[in-house]
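Shown next, in structure tokens, is the structure this report addresses.
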Amino acid sequence: MQLSLDKDDLKDYITKQVNNYFPDKFLIKTSDVDKILTNSLNRTEYCFSHIKLKYYNYDGNTRFNHLNSEHYGMFLWFLSNEAYLKNNINLAEKLFYLNKSLNGLDAFYSIKLPDIFLLHHPVGSVIGNAHYENYLTVYQNVTIGSSKEGIYPILSKGVSLMSKASIIGNCKIGKNVTLAAGAAVVNEDVPDDTLVFGQSRNLVFKKEKMPEKERIYNELRE
């Protein structure tokens, strides 16, 4: 993967950024970042290698640019999740908060995002502790959250949520489903290959002829 900063410079950049944002007495060491950087970059590369868009892959080369906010937001989630998996909760919390501060993205470090996903300029999006599968696409101002009873949705492979779309509560969302801008599914199921309009109790289902997954992802490399 082509990096805009080499690994040592990226490690220093992250450490300085976290400590500048959160200058408390529990400062992060470069060695803390070093322990999670390689796995985070490997996961980022695997994810990005499946995305067709030119800012992710060009002339057969997968790219990561720390100054591309989409790239950096997704990478910061991988990094925060790695910190969580390594039981460095202080670092995980700061990376989560940094991502929220820089990119307006609320994706907690302990949720289980799939290996392959795209957060497409996801300012204002809240991605909750749902079940996710590969080829998830999230645009801006999206909400995925639980019911009052704490039940989270189940999203199948190839689900796309356009701007201001929401999935809340006890929902089973089928494969290759796209929620149109402003659509809201609350405690309802959606069948495979469906384009969803409107809001629950008044949802409109249409046949999805061209899933967003096919436009964005290269499944052959999985």
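Source: prediction; values computed, not measured.
Considering CG of Leu3 and OG1 of Thr44, their distance stands at 9.5 Å, rounded to 0.5 Å. Considering CD1 of Ile116 and CD of Glu133, their distance stands at 11.5 Å, rounded to 0.5 Å. Rounded to the nearest 0.5 angstrom, Asp193 CG and Phe205 CZ are separated by 13.0 Å. Atom OH of Tyr135 is separated from atom OH of Tyr217 by 9.0 Å, given to the nearest 0.5 angstrom. Note that CD of Gln140 is 12.0 Å distant from CG of Leu119, once rounded to the nearest 0.5 Å. Rounding to the nearest 0.5 Å places CE of Met74 at 9.0 Å from CG of Leu113.
A donor-acceptor contact closer than 3.5 angstrom links the side chains of Thr178 and Glu208. No hydrogens or angles considered: nothing links the side chains of Asn141 and Ser163 as a donor-acceptor pair under 3.5 Å. Asn176 and Lys213 share a side-chain donor-acceptor pair at under 3.5 Å. In this structure, a donor-acceptor pair under 3.5 Å is absent between the side chains of Tyr139 and Ser160. Checking Tyr84 against Glu93 by side-chain atom types alone, no donor-acceptor pair falls below 3.5 Å. Of the N and O atoms on the side chains of Lys164 and Thr143, not one donor lies less than 3.5 Å from an acceptor on the other residue. For the 3.5 Å distance criterion, the side chains of His120 and Glu70 qualify, holding a donor opposite an acceptor.
Remark: aromatic rings of Tyr97 and Phe22 are close, center separation under 6.0 Å. In this structure, His50 has its ring center closer than 6.0 angstrom to the ring center of Tyr46.
Only one option out of Phe78, Phe108, Tyr21 pairs with Phe96 in a ring pair (Phe, Tyr, Trp, His ring centres under 6.0 Å); it is Phe108.
Between Leu95 and Ala83, the shortest heavy-atom distance links the atoms CD1-CB, 4.4 Å. The heavy-atom pair separating Pro122 from Val138 by the smallest distance is CB-O, 4.4 Å. Between Lys94 and Phe26, the closest heavy-atom pair is NZ-O, 2.7 Å. Closest non-hydrogen pair, Gly174 versus Ser156, comes out as C-CB, 3.5 Å. Minimum interatomic distance between Ser80 and Ala92 (heavy atoms only, all atoms of both residues): O-CB, 3.6 Å. Gly145 and Pro153 make their closest contact through O-CD, 3.3 Å (heavy atoms, listed as atom of the first residue, atom of the second, distance).
Residues Leu98 and Leu27 are members of separate hydrophobic clusters, defined by side-chain heavy-atom contacts under 4.5 angstrom among Ile, Leu, Val, Met, Phe, Trp and Tyr. Using a 4.5 Å cut-off between side-chain heavy atoms of Ile, Leu, Val, Met, Phe, Trp and Tyr, with links allowed through other members, Ile111 and Ile151 fall into different hydrophobic clusters. No chain of hydrophobic side-chain contacts below 4.5 Å, direct or via other Ile, Leu, Val, Met, Phe, Trp or Tyr residues, connects Tyr152 to Val190. The cluster map of Ile, Leu, Val, Met, Phe, Trp and Tyr, joined by side-chain heavy atoms under 4.5 Å apart, puts Leu37 and Ile28 in the same cluster. Ile168 and Ile127 fall into different hydrophobic clusters, where Ile, Leu, Val, Met, Phe, Trp and Tyr residues are linked whenever their side-chain heavy atoms come under 4.5 Å apart, directly or through other members.
Asn20 places a side-chain N or O within donor-acceptor distance of the main-chain N or O of Lys16, the cut-off being under 3.5 Å. In terms of modelled atom types and a separation under 3.5 Å, the side chain of Glu212 and the main chain of Val159 share no donor-acceptor contact. Counting only distance, with no hydrogens or angles, the side chain of Ser125 and the backbone of Val142 share a donor-acceptor pair below 3.5 Å. Remark: the backbone N or O of Val196 is not paired with any side-chain donor or acceptor of Thr194 at under 3.5 angstrom. Side-chain atoms of Asn134 come within 3.5 Å of backbone atoms of Asp115 as a donor-acceptor pair (strictly under, hydrogens ignored). Counting only distance, with no hydrogens or angles, the side chain of Asn65 and the backbone of Ser4 share no donor-acceptor pair below 3.5 Å. Formation of a donor-acceptor pair under 3.5 Å by the Thr62 side chain with backbone atoms of Met1 is not found in this model.
Leu79 is not listed as a side-chain neighbour of Tyr109, based on a closest heavy-atom distance of 4.5 Å or more. A 4.5 Å side-chain heavy-atom check between Leu161 and Leu136 finds at least one atom pair inside the cut-off. Residues Ile36 and Leu91 form a side-chain contact, since some pair of their non-hydrogen atoms from C-beta on lies under 4.5 Å apart. At a threshold of 4.5 Å between non-hydrogen side-chain atoms, the residues Asn57 and Lys52 do not count as touching. No side-chain heavy atom of Ser166 sits less than 4.5 Å from a side-chain heavy atom of Val185. The side-chain heavy atoms of Asn99 and Asp106, taken from C-beta on, include no pair separated by under 4.5 Å. Counting heavy atoms from C-beta outward, Tyr132 and Ile144 have side chains that approach closer than 4.5 Å. Residues Leu179 and Ile167 meet the side-chain proximity criterion, which asks for heavy atoms closer than 4.5 Å.
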message = Working note: Asn170 + Ser147, criterion side chain to side chain contact (heavy atoms under 4.5 Å, CB included); need CA distance, chi angles, decisive distance, verdict.
response = CA-CA 7 Å; Asn170 188 11; Ser147 65; 5.7 Å; no
request  = Just do the salt bridge (charged side-chain N to carboxylate O under 4.0 Å, His left out) check on Asp12 and Lys7 with the steps written out, would you?
outcome  = CA-CA 9 Å; Asp12 291 340; Lys7 287 180 67 174; over 6 Å; no
inquiry  = Under the criterion side chain to side chain contact (heavy atoms under 4.5 Å, CB included), I'd like the reasoning laid out for Asn68 against Tyr72: C-alpha separation, chi angles, the key distance, then a yes or no.
reply    = CA-CA 6 Å; Asn68 181 313; Tyr72 201 56; over 6 Å; no
request  = Start with the C-alpha gap between Leu203 and Glu188, add the side-chain angles, then the distance that decides, and say whether side chain to side chain contact (heavy atoms under 4.5 Å, CB included) holds.
outcome  = CA-CA 10 Å; Leu203 292 175; Glu188 289 194 48; 3.5 Å; yes
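Taking the charged nitrogens against the carboxylate oxygens, Asp8 and Lys11 do have a contact shorter than 4.0 Å, which makes a salt bridge. Remark: Arg43 engages Glu82 in a salt bridge, criterion side-chain N to carboxylate O under 4.0 Å. One finds no salt bridge joining Asp32 and Lys86 here, because no Lys/Arg side-chain nitrogen approaches an Asp/Glu carboxylate oxygen to under 4.0 Å. Salt-bridge annotation for Asp192 and Lys175: absent, with no side-chain N of the basic residue lying under 4.0 Å from a carboxylate O of the acidic one.
Remark: Tyr55 OH is loosely packed, at most 12 non-hydrogen atoms of other residues, nucleotides or ligands lying under 6.0 Å away. Within 6.0 Å of atom OH in Tyr58, 12 or fewer heavy atoms from other residues, nucleotides or ligands are found, so the atom counts as exposed in its surroundings.
For the pair Lys206 and Phe197, the distance from NZ or CZ to the six-membered ring centre is under 6.0 Å and the angle to the ring normal is within 45 degrees.
Relative orientation of the Phe64 and Phe75 rings is tilted, given thresholds of 30° and 60° on the angle between their planes.
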